[in-house]
Amino acid sequence: MLMENSSTMLGSNGLIRKHEFVRVIIQCLDSLGYRKSASFLESESGISYKSLDFEMLKSQILCGNWDGCTDTLNEIKVMDETRASALFIVFKQCLLECLNHGDDAMALAILRKVVSALRLGKDKAHSLAQSILSLRDTEFGKMDDNIVQELRKKSLVELEKLLPPPIMLPERRLEHLVETAVSAQIDSCMYHNMLGAVSIYEDHCCGRDQIPTETIQHNEMQRILGDRIIRMILTDHKNEVWFVQFSNNGEYLASASSDCTAIIWKVLEEGKLMLQHTLRSHQNPVSFVAWSPDDTKLLTCGNGEVLKLWDVETGTCRHTFRDHGFIVSSCAWFPDSNRLVCGSSDPEKGIRMWDCHGNEIKAWRGMRMPKILDLAVTPDGENLISIFLDKELRILNMVTNSERVISEKHPITSLSISGDGKFFIVNLNSQEIHMWDVAGKWDMPLKYMGHKQDQYVIRSCFGGLNSAFIASGSENSQVYIWNRRNPKPIEILSGHSMTVNCVSWNPKRPQMLASASDDNTIRIWGPGPSKKMQMQTEKLN
């Protein structure tokens, strides 16, 4: 078949060779099952999907011309290692066919003289020798011509995967190129927060309506006139709200307040929140809550007080963890929802692991364990991360018992782990948030700036699709949102009137964010109206 002039270029920048572009289109049509269309395009363009060298190989293998195969492979321009591997595939098939005809002597001769000359190493030569012995035991010589042809076709498939361009094209090349382009556009989109496939009809670019930016929740609507807006400001706490956290299944929100209560809220289908239980038992302000991985239990930490375990369904207290002198500062669960760890703000009290009945399983205490400010466990339960000595982080591997210490230059107030457990962020009172990798491959953290923090404990979180965003409270009464790839905030949300202490992003609703403030309220943030909706609203007005 005639080949297209290889000098013809396509694209506005002249970067694409026309004959290569046509080849990958023909391959795509063929792989999608449009073989007639692929054949017609080959005929019309004069460009073959498979190279002349491979077509020659194909003909030689299917007719058993092993000497011709060897000559062809020795002539084509490939690396020596690739050529040796390709010859191995050919000689292996040749050996099998010799055995099929009962010519053991020829098979052994090929094994000794030809394969050894390829210098493929003892392993592959030994593998072929074992094949000879095993095939003799299974009476290989009884195979008919149809089976032999199938084996030759399998050898061809192996060669297709092995031989490099331009002799062969990588599998599904056009799909890969398009997917790479789409992925690059998604990576450059600061607001990407969409579930599902992305259209290739136009360049991808999300608007700010993909992330929570307003204290409203739009119901799914049948038409624009039927849209109902629900304002989501929760005012049931009677004093400052210090902590909020969505459950792992996204169906509940828990909040902790200096009014000595914690509240469990139910997230309804339409996005509204309904008060489910008010947890009254602490004598001091409640500073922290933690959901068990199965979301059936909730831990609450009283400020300088005890730790309590609650049943989420009934709202009843199942256990109070009492230990004289052990003042709980933070807590976290292990994946089995039966073990938990707690850190103490008292020096030398360290960290303790309990079961749900209050039985101590393990403890880390002593001079090496100063006061613990915050801690967390990775979702796989392998790493326990804690803040101690104000400016240091300890990552303890629970499997190997190895540990790594990270030192910061400024005091650390809180930490949060990403949904996949690969990264964690820490808030510093230097008005920065630092992101580290759990595996310890980074020498320096990624840094995020713009919010205000120099006096109080401010908590941040990962959120959105694939934990692509970071959100944080701030002492200037605002909520800040960053894309993880950008050190500057992409959104600053106003609405609270006092310090925003904590934020939590719903893990199952990537467009829902909660914030807790000293103004006694919790705000539920949702996406604002899209550009299309805004235009329709303007027309109606």
Side-chain angles (χ1 to χ4, degrees), residues 190-191 208 211-216 232-235 237 239-246 253 255-258 285 287-289 330 373-374 387 390-391 408-418 423-436 445-464 467-506 511-528:
M190 289 294 104
Y191 289 97
R208 64 192 298 269
I211 65 171
T213 56
E214 299 186 15
T215 315
I216 58 176
M232 298 299 293
I233 303 175
L234 310 178
T235 59
H237 280 296
N239 211 325
E240 299 171 352
V241 187
W242 288 354
F243 196 91
V244 284
Q245 188 178 74
F246 281 104
L253 175 72
S255 57
S257 171
S258 62
S287 59
F288 196 88
V289 301
S330 57
L373 301 179
D374 200 0
I387 302 172
D390 292 337
K391 300 178 183 179
E408 291 280 9
K409 295 181 180 179
H410 300 277
I412 311 165
T413 64
S414 64
L415 71 89
S416 178
I417 296 178
S418 63
F423 307 96
F424 65 92
I425 48 179
V426 292
N427 279 61
L428 310 177
N429 71 358
S430 61
Q431 304 187 119
E432 287 187 352
I433 295 172
H434 289 183
M435 181 169 77
W436 295 90
L446 296 181
K447 300 179 181 181
Y448 306 92
M449 295 157 281
H451 66 302
K452 306 299 180 185
Q453 179 186 1
D454 55 20
Q455 297 184 51
Y456 305 121
V457 173
I458 302 294
R459 298 183 183 274
S460 56
C461 71
F462 290 91
S467 297
F469 301 95
I470 291 171
S472 179
S474 178
E475 291 176 9
N476 64 358
S477 76
Q478 294 174 317
V479 175
Y480 288 74
I481 296 177
W482 295 262
N483 184 294
R484 276 169 45 176
R485 299 186 302 276
N486 193 331
K488 296 182 179 180
I490 59 174
E491 290 292 338
I492 302 174
L493 313 183
S494 300
H496 287 292
S497 59
M498 297 180 70
T499 296
V500 180
N501 300 303
C502 181
V503 292
S504 179
W505 211 304
N506 192 313
Q511 297 180 337
M512 178 180 282
L513 176 73
S515 59
S517 171
D518 282 350
D519 64 10
N520 303 358
T521 69
I522 301 166
R523 285 180 173 256
I524 307 300
W525 305 86

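Looking at Asp519, its side chain never comes within 3.5 Å of a backbone N or O of His496 through a donor-acceptor pair. The backbone N or O of Pro285 sits nowhere less than 3.5 Å from a side-chain atom of Ser258 that would complete a donor-acceptor pair. Thr235 contributes no side-chain N or O that, together with a main-chain N or O of Thr521, makes up a donor-acceptor pair within less than 3.5 Å. When atom types are taken as modelled, the side chain of Arg523 and the backbone of Gly495 share a donor-acceptor pair closer than 3.5 angstrom. Between the side chain of Tyr191 and the backbone N or O of Ile211, no donor-acceptor pair lies under 3.5 Å. Counting only distance, with no hydrogens or angles, the side chain of Ser517 and the backbone of Met498 share a donor-acceptor pair below 3.5 Å. Side chain of Gln453 to backbone of Tyr456: a donor-acceptor contact under 3.5 angstrom is found. Between the side chain of Ser474 and the backbone N or O of Lys452, at least one donor-acceptor pair lies under 3.5 Å. Put simply, the side chain of Ser257 gets close to the backbone of Glu240: a donor and an acceptor are under 3.5 Å apart.
Between the CD atom in Glu475 and the OG1 atom in Thr499 there is a gap of 5.5 Å [rounded to 0.5 Å]. Interatomic distance, Ser430 OG to Ile412 CD1, rounded to the nearest 0.5 Å: 10.0 Å. In this structure, CH2 in Trp525 is found 9.0 Å from CD in Glu214, a value given to the nearest 0.5 Å. Here CZ of Phe288 is found 14.0 Å from CH2 of Trp242. Values are rounded to the nearest 0.5 Å. To the nearest 0.5 Å, the span separating OH on Tyr448 from CD1 on Ile481 amounts to 14.0 Å. Interatomic distance, Ser472 OG to Glu432 CD, rounded to the nearest 0.5 Å: 12.5 Å.
Paired with Arg459 under the rule side-chain hydrogen bond (donor to acceptor under 3.5 Å, both in side chains), one option of Asp374, Asn501, Thr413, Asn427 passes, and it is Asp374.
Side-chain atoms of Ser494 and Gln478 form a donor-acceptor pair, as typed in the model, at a separation below 3.5 Å.
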Dump the intermediate steps for side-chain contact (heavy atoms from CB on, under 4.5 Å) on Glu408 and Trp436, then the final yes or no. CA-CA 11 Å; Glu408 291 280 9; Trp436 295 90; 3.0 Å; yes
So Phe469 and Ile490, side-chain contact (heavy atoms from CB on, under 4.5 Å) or not? Walk me through it. CA-CA 10 Å; Phe469 301 95; Ile490 59 174; 3.9 Å; yes
Where do Leu446 and Arg484 land on the side-chain contact (heavy atoms from CB on, under 4.5 Å) test, with the steps shown first? CA-CA 8 Å; Leu446 296 181; Arg484 276 169 45 176; over 6 Å; no
Step-by-step side-chain contact (heavy atoms from CB on, under 4.5 Å) determination, Leu253 to Ile524: CA-CA 10 Å; Leu253 175 72; Ile524 307 300; 4.0 Å; yes
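Counting only heavy atoms from C-beta outward, the side chains of Ile417 and Phe423 never approach each other to under 4.5 Å. At least one side-chain heavy atom of Pro212 sits under 4.5 Å from a side-chain heavy atom of Trp505. Using a 4.5 Å cut-off on side-chain heavy atoms (C-beta onward), Lys391 and Pro411 make contact.
For Trp482 and His451, the ring centers sit closer than 6.0 Å to each other.
Minimum interatomic distance between Val500 and Ser515 (heavy atoms only, all atoms of both residues): CG1-CB, 4.0 Å.
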